[in-house]
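Quick notes on the structure that follows.
Ligands are counted one by one from 1 in listed order, and the atoms in each one are counted from 1 as well. Along the sequence shown, the residues carry numbers beginning at 1.
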Amino acid sequence: MRTVDVLVIGAGQAGLSAAYHLQRRGLRPAPTTDRDLDDQVSTPHTASDRGLTYQVLDSEEGPGGAWRHRWRSLRMATVNGISELPGMAVPEVDPEEPSARFITGYFGDYEEELGLAIVRPVRVSRVSRADEDPHGRLIVETSAGTWSTRALINATGTWTKPFWPIYPGQETFGGRQLHVADYVAAEEFRDQHVAVVGGGISAVQLLDEISLVTSTSWFTRREPVWRDTPFDARAGHDAVAMVEERVAKGLPPLSVVSVTGLLWTPSLLEAKARGALDRRPMFTQILPEGVRLVDGDVLPVDVILWATGFRAALDHLAPLRLRGSGGGIVMEGTRVAEEPRVHLVGYGPSSSTIGANRAGRAAVSDLVRFLDDG
Ligand code: FAD
């Protein structure tokens, strides 16, 4: 079993920010091979690092986190805006470049330049307590063996946990159903009628591009909320505060768009003008040939694209029983209120690139104090 003081799970924006701050605080890579163990014994610790170690485990084959999987047509011009990683400016952006390629390159350069301790591909399957001692160790089981750690920064994002709602008749559908996590490009739907379900940013962006090549219908449970004021720093602050309040009460975090609203862009205004954003209330049933509308009519549909969001990827933490009666995890900042060894970054109020950066710093600062006390 490998031992470490702080284990970070996930190397997207949140995990990289945490790794950067751990390294700045003087934590060194944990030995991952027997050769490293020998080197560590022969290398004296500097006063600043107090001998503490960290390691990042990431299930991807290479850098980029979830950005590696964003659909091809999501370009730097169409993302909402990317916040730079701590300590390295975002290189000059070609607005036409796919975000998957650009960000994978940026993250890769970052990891290399800073020499961050990341092991890939390693999937964490289970985190449990070694014993009931609140300052005891956590046992982390992975696809590459077991780790024992004093503290954990969980930065696993949401991409690996797409949310598919359950609708009557879903299993009888004769066409194709997919989630936005599986979307590649609009071209694959040419000459088919596509029903897009969901009221978020992905739904409207994909309706925009799919409606340029084929016919679409848009279904949402509630009337979509469009913003009529710009999304400025103040609005961002208010949105984050709203989610913070929820997770401090142990309620599950809300989707981003439910607190920010949908923003009109020139492209979406064009989509609106061609009728692609005429929303229908959610259908009542899925049939082999289509969907039943609220008025009882049947709309023939070839494809149902579920743009229904994602949930926090926390299944591996289930043995810790962190969820409370509100269905969420009671948080104090990035720290789990009931388990001070565990921080969640990129969760709830920090699930944006800027929020992930801040959460990484906050988690490290809290954990270094915790480790010093322990
Ligand atoms: P991720 O980037 O998802 O990284 C998590 C990492 O953890 C991944 O590498 C994953 O493989 C790994 N992992 C997961 N589970 C395990 C496990 N069990 N074991 C080991 N490793 C694991 N935000 C913005 O600020 N601006 C935008 O323009 C923007 N656009 C977006 C567009 C889309 C389509 C979506 C879905 C989200 C967008 N977001 C945007 C939100 C964005 O996802 C976050 O801002 C941020 O990139 C998430 O970073 P993260 O580090 O939390 O997660």
Side-chain angles (χ1 to χ4, degrees), residues 7-20 55-85 90 93 98-100 102-104 106-107 111 118-127 140-144 147 152-163 179-183 198 200-206 231 236 239-240 253 255-257 260 263 265 307-318 334 343-360 363:
L7 197 66
V8 181
I9 312 178
Q13 184 106 11
L16 292 184
S17 166
Y20 169 88
Q55 189 67 51
V56 184
L57 308 178
D58 185 50
S59 56
E60 292 296 334
E61 293 285 336
W67 291 99
R68 292 171 67 79
H69 304 287
R70 303 284 199 244
W71 46 92
R72 220 171 40 213
S73 55
L74 189 68
R75 290 166 294 116
M76 291 312 289
T78 46
V79 297
N80 294 334
I82 303 302
S83 183
E84 67 184 30
L85 288 163
V90 179
V93 174
S99 61
F102 178 83
I103 294 187
T104 300
Y106 173 45
F107 282 18
E111 292 176 8
I118 302 170
V119 202
R120 295 192 173 92
V122 180
R123 168 156 292 279
V124 172
S125 50
R126 189 170 194 275
V127 180
V140 179
E141 292 165 44
T142 82
S143 54
W147 290 75
L152 189 75
I153 299 182
N154 192 82
T156 46
T158 58
W159 188 260
T160 53
K161 207 159 161 75
F163 175 66
H179 190 276
V180 293
D182 306 311
Y183 176 82
I201 302 166
S202 310
V204 293
Q205 282 191 349
L206 295 186
F231 192 72
V240 167
S255 73
V256 176
V257 77
T260 61
L263 275 180
T265 61
T308 39
F310 296 82
R311 297 291 182 264
L314 301 177
D315 291 355
H316 53 288
L317 301 182
T334 59
H343 283 248
L344 306 181
V345 297
Y347 174 77
S350 65
S351 58
S352 66
T353 55
I354 185 156
N357 276 355
R358 291 181 186 148

Give me the nearest non-hydrogen protein atom to [atom] as residue plus atom name, then the distance to 0.1 Å.
atom: atom 4 (O) of ligand 1; answer: G12 CA, 3.4 Å
atom: atom 53 (O) of ligand 1; answer: G157 CA, 3.5 Å
atom: atom 2 (O) of ligand 1; answer: A66 N, 3.0 Å
atom: atom 47 (O) of ligand 1; answer: W67 NE1, 3.1 Å
atom: atom 16 (C) of ligand 1; answer: T156 CG2, 3.5 Å
atom: atom 46 (C) of ligand 1; answer: T353 CG2, 4.2 Å
atom: atom 28 (O) of ligand 1; answer: N80 N, 2.7 Å
atom: atom 19 (N) of ligand 1; answer: V124 N, 2.9 Å

Between the candidates [options], which shows the shortest non-hydrogen contact distance to [atom]?
atom: atom 35 (C) of ligand 1; options: H69, R70, R126, Q13; result: R70
atom: atom 9 (O) of ligand 1; options: L16, V79, D58; result: D58
atom: atom 11 (O) of ligand 1; options: S17, S59, S143; result: S59

Test of understanding: given a 4.0 Å heavy-atom threshold, classify the contact between R68 and ligand 1 as side chain, backbone, both, or neither.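 Neither part.
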
Contact partition for A356 relative to ligand 1, non-hydrogen atoms under 4.0 Å: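 It is neither part, as no heavy atom is under 4.0 Å.
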
Are S143 and R123 close enough that a side-chain donor and a side-chain acceptor fall under 3.5 Å?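 Side-chain D/A pair, S143 to R123: absent.
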
Say whether, by atom type as modelled, one donor and one acceptor occur between the side chain of [X] and the main chain of [Y] under 3.5 angstrom.
X: S125; Y: E141; result: yes
X: S350; Y: V345; result: no
X: S17; Y: N357; result: yes
X: T104; Y: A100; result: yes
X: Y106; Y: L85; result: yes

Which heavy atom of G346 sits nearest to which heavy atom of A359, and what is that distance?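 Result for this residue pair: N-CB, 4.3 Å.
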
Worked check of side-chain contact (heavy atoms from CB on, under 4.5 Å) between S73 and Y183: CA-CA 10 Å; S73 55; Y183 176 82; 4.3 Å; yes

Under 4.0 Å, counting heavy atoms only: does [X] come that close to any atom of ligand 1?
X: W71; result: yes
X: A155; result: yes
X: V122; result: yes

Assess the pair F310 and H179: is the distance between their ring centroids shorter than 6.0 Å?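 When the ring centroids of F310 and H179 are compared, they turn out to be within the sub-6.0 Å range.
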
Heavy-atom contacts with E60 under 4.0 Å: which atoms of ligand 1 show up? List them by number with element.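 Per the distance check, 9 (O), 11 (O).
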
Find all atoms of ligand 1 within a distance of less than 4.0 Å from any non-hydrogen atom belonging to G10, and give their numbers and elements.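 Counting atoms of ligand 1 from 1, those under 4.0 Å from G10 are 6 (C), 7 (O), 12 (C).
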
Going by atom type alone, with no hydrogens or angles, which donor-acceptor pairs under 3.5 Å involve a side-chain atom of residues 60-67 and a protein atom two or more places apart or on another chain?
{"residue": "E60", "atom": "OE1", "partner": "R68", "partner atom": "NE", "Å": "3.3"}
{"residue": "E60", "atom": "OE1", "partner": "H69", "partner atom": "NE2", "Å": "3.0"}
{"residue": "E60", "atom": "OE2", "partner": "H69", "partner atom": "NE2", "Å": "3.0"}

Would a 4.0 Å cut-off, counted as strictly less than, catch a protein heavy atom around atom 38 (C) of ligand 1?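 There is a protein heavy atom less than 4.0 Å from atom 38 (C) of ligand 1.
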
Tell me, please, which residues at least two apart from R75 pass side chain to side chain donor-acceptor pair (under 3.5 Å).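 Residues passing side chain to side chain donor-acceptor pair (under 3.5 Å) with R75: E96.
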
Value rounded to 0.5 Å, distance of CG in D58 from CZ in R120: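 One gets 4.5 Å once the value is rounded to the nearest 0.5 Å.
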
Do any N/O atoms on A14 end up under 3.5 angstrom from N/O atoms on ligand 1?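 Such a contact does occur with ligand 1.
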
